[in-house]
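Every value quoted in this text rests on a predicted model; they were computed, and no experiment measured them.
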Amino acid sequence: MDNTEIKSPAESSLEGTPGTSINRKKLAIYFIESEDRRMAFGRGYTAGSTPVDIHGKSIVDLSKTGGWIAAFFIFGNEMAERMAYFGLSVNMVAFMFYVMHRPFTSSSNAVNNFLGISQASSVLGGFLADAYLGRYWTIAIFTTIYLAGLTGITLCATIGKFVPNQAECDQLSLLLGKCEPAKTWQMTYLYTFLYITAFGAAGIRPCVSSFGADQFDERSKNYKEHLDRFFNFFYLSVTIGAIVAFTGVVYVQMQYGWGSAFGSLAIAMGISNMVFFIGTPLYRHRLPGGSPLTRVAQVLVAAFRKRNAPFSSSDFIGLYEVPGRHSAIKGSRKIPHTPHFRFLDKAALELKEDGGNPSPWRLCTVTQVEEVKILLKLIPIPACTIMLNVVLTEFLTLSVQQAYTLNTHLGRLKLPVTCMPVFPGLSIFLILSLYYSLFVPIFRRITGHPHGASQLQRVGIGLAVSILSVAWAAIFERYRRSYAIRHEYEATFLTPMPNLSAYWLLIQYCLIGVAEVFCIVGLLEFLYEEAPDAMKSIGSAYAALAGGLGCFVATIINNIIKSATGNIDKEQPSWLSQNINTGRFDYFYWLLTALSALNFCIFVYSARRYKYRAQQDHEMEKHEMSYVGTS
């Protein structure tokens, strides 16, 4: 990042600055706006958050670009990515168990790690998009990487050399662990391309939702309504991708084999890439604002260097900001000063000793400081969704193990076990379809909110419903286990019990679907609106990071439970024993229920303390007006 982006003033005027009365007044009143700030309008720079075309030139006629048509080209990319994501998550455990001859536990942990890396690495994609590449090119590059990973996995499932010998490996041999295990190099090949796929998701997940939202004009009077509907439609595309993965891909696998199943994911991703590139002339872009990590680091260093400088010092000139409506950060408007995290204000504290041309690591603008404050203030909200992602991750693997012991017949139709996770997707599809006609009017009467519920209220509803979901899972699992023991199915954990239907699982599946649609859609919209202009992708990456951490936390919890509750010497199975009938999945679900309830209490506390940026700006303007009226 060049220094013109955050360059300090050559001179600072002392006229109109506070004197001895500074202790009695708010810091927000004292912005020093330098006229000597050099703004880099060259090299495609566009002030504020003005949309540009792919060449970096301002779009004069917005009617020819953006809007819903451009957004629908973007939806296809997310749909294919989620189809591949869920297709791998639900099929890879079975592939590793039945084809690579890995135990269920190590297979599920490997898939959890894949899910975690694919989401946690989104921070890298968000950083590259906001700092250097822009959202369009980040998506374009990483979808290509994603496609390469899927192609490698397809080859693994298609070419016999990449899998162990399948001869003389029946179900009994699998249960006893006597099938030929995969060689080290075979697992290395599979893991390499699995994690290449996960890395490809890093640039897609934080950018697609933000890039889609960029297609709407924030100056339009219907902007809020369009944004609200966009994120609902966006998650609808995610859901459609999941439904196709849990049904169509599973059907292809059963009829044509693993190679065709994984190959269908690669083909879908290739087609979505083509559709995305076809829409290029329609897209509106936001120029990258330079390295956000550098700006954050500069604020922290500058605040530390001036940590002992008091605001009441006679050397205090003011809090530094550039003149005019636009900030010095590419793609960003000015952000008003706020009283929170006051220790960071030291980074914008302009003193006489700073001289005419101080280092950007010594003096930062108010907007730059406020960016860091916003990033810090946002953290508790997505952090509280980590527990929801833990539950989602556990359901993807543990519920499949439950379903293997149950009757999956629906009349004369027998659904494959790996199709069972489609039901949360169907519940999400139904809720999103009825959201504006049913849920919004009901919630509007209760809350008085024009959109039915605020973003944080929707996140809270989702977290509350997730508690009910995992509590029901514990109740049913206790009944299912008792039934298996009573009817002497304890040892045959892969044999379905004909008189106990798998459709009892639909209650927990549908509840978690309701929780997901309220929580995740509300969170995505919240992060996009609240994040700084030049850090929208980083804001969206917070949601993906929470998802990734949820997967890693799920793996850590699983390992702790296995270690703490199992004893090989005493032949005591753990709660998460591979034989679900001798394990205690019900105890594990009750543990998740307790953790989810605790997490919900923390969220309520954090949400009540949070002030939306629009509300905060309004209060600051009101305060300044009252100050001017009394001065």
Can you list the steps and then say if Phe526 with Tyr610 is a ring-ring contact (aromatic ring centres under 6.0 Å, His included)?
CA-CA 12 Å; Phe526 168 77; Tyr610 188 87; 5.2 Å; yes
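- Remark: Leu155 pairs with Ile159, Tyr189 by the side-chain contact (heavy atoms from CB on, under 4.5 Å) rule, at least two apart or across chains.
- No option in Phe86, Phe423, Tyr85 other than Phe86 meets the ring pair (Phe, Tyr, Trp, His ring centres under 6.0 Å) test with Phe246.
- A donor-acceptor pair is defined here as one N or O able to donate and one able to accept, closer than 3.5 Å; no such pair exists between the side chain of Glu530 and the backbone of Ile374.
- The structure places CG of Leu147 at 6.0 Å from CG of Asn273, a figure rounded to the nearest 0.5 Å.
- Looking at Thr143 and Glu81, their side chains never bring a donor and an acceptor atom within 3.5 Å of each other.
- Closest of all the heavy-atom pairs between Leu524 and Ser209 is CD2-OG, 4.4 Å.
- Distance check: Ile386 CD1 to Leu549 CG gives 4.5 Å after rounding to the nearest 0.5 Å.
- Looking only at atom types and distance, the side chain of Asp217 has no donor-acceptor partner in the side chain of His226 under 3.5 Å away.
- With respect to Arg295 and Glu371, a salt bridge is recorded, a charged nitrogen being found less than 4.0 Å from a carboxylate O.
- In this structure, Gln215 contributes its side chain and Arg284 its backbone to a donor-acceptor pair below 3.5 Å.
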Between Phe114 and Tyr191, is the ring-ring contact (aromatic ring centres under 6.0 Å, His included) condition met? List the steps.
CA-CA 9 Å; Phe114 158 74; Tyr191 283 144; over 10 Å; no
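- Closest approach of Val372 and Val296 over heavy atoms only: CG2-CA, 3.8 Å.
- Lys64 contributes atom NZ, which lies 12.0 Å from atom CG of Leu282 (distance to the nearest 0.5 angstrom).
- Ile512 and Ser466 get closest at one heavy-atom pair: CD1-CB, 4.1 Å.
- With hydrogens and angles ignored, the 3.5 Å screen pairs no side-chain donor or acceptor of Ser210 with any backbone N or O of Cys207.
- For Phe276 and Tyr136, the gap between ring centers is short of 6.0 Å.
- Between Tyr528 and Phe230, a ring centre-to-centre spacing not shorter than 6.0 Å is recorded.
- Distance alone, capped at 3.5 Å, places no donor-acceptor pair between the Tyr146 side chain and the Gly203 backbone.
- The two residues Ile335 and Val366 have their closest heavy-atom pair at O-CG1, 4.0 Å.
- Side-chain contact, Glu529 with Tyr612: no donor N or O sits under 3.5 Å from an acceptor N or O.
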Assess whether side chain to side chain contact (heavy atoms under 4.5 Å, CB included) is satisfied between Ile381 and Phe603, documenting all intermediate values.
CA-CA 7 Å; Ile381 303 302; Phe603 169 79; 4.2 Å; yes
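- A distance of 9.0 Å separates CH2 in Trp137 from NE2 in His285, rounded to the nearest 0.5 Å.
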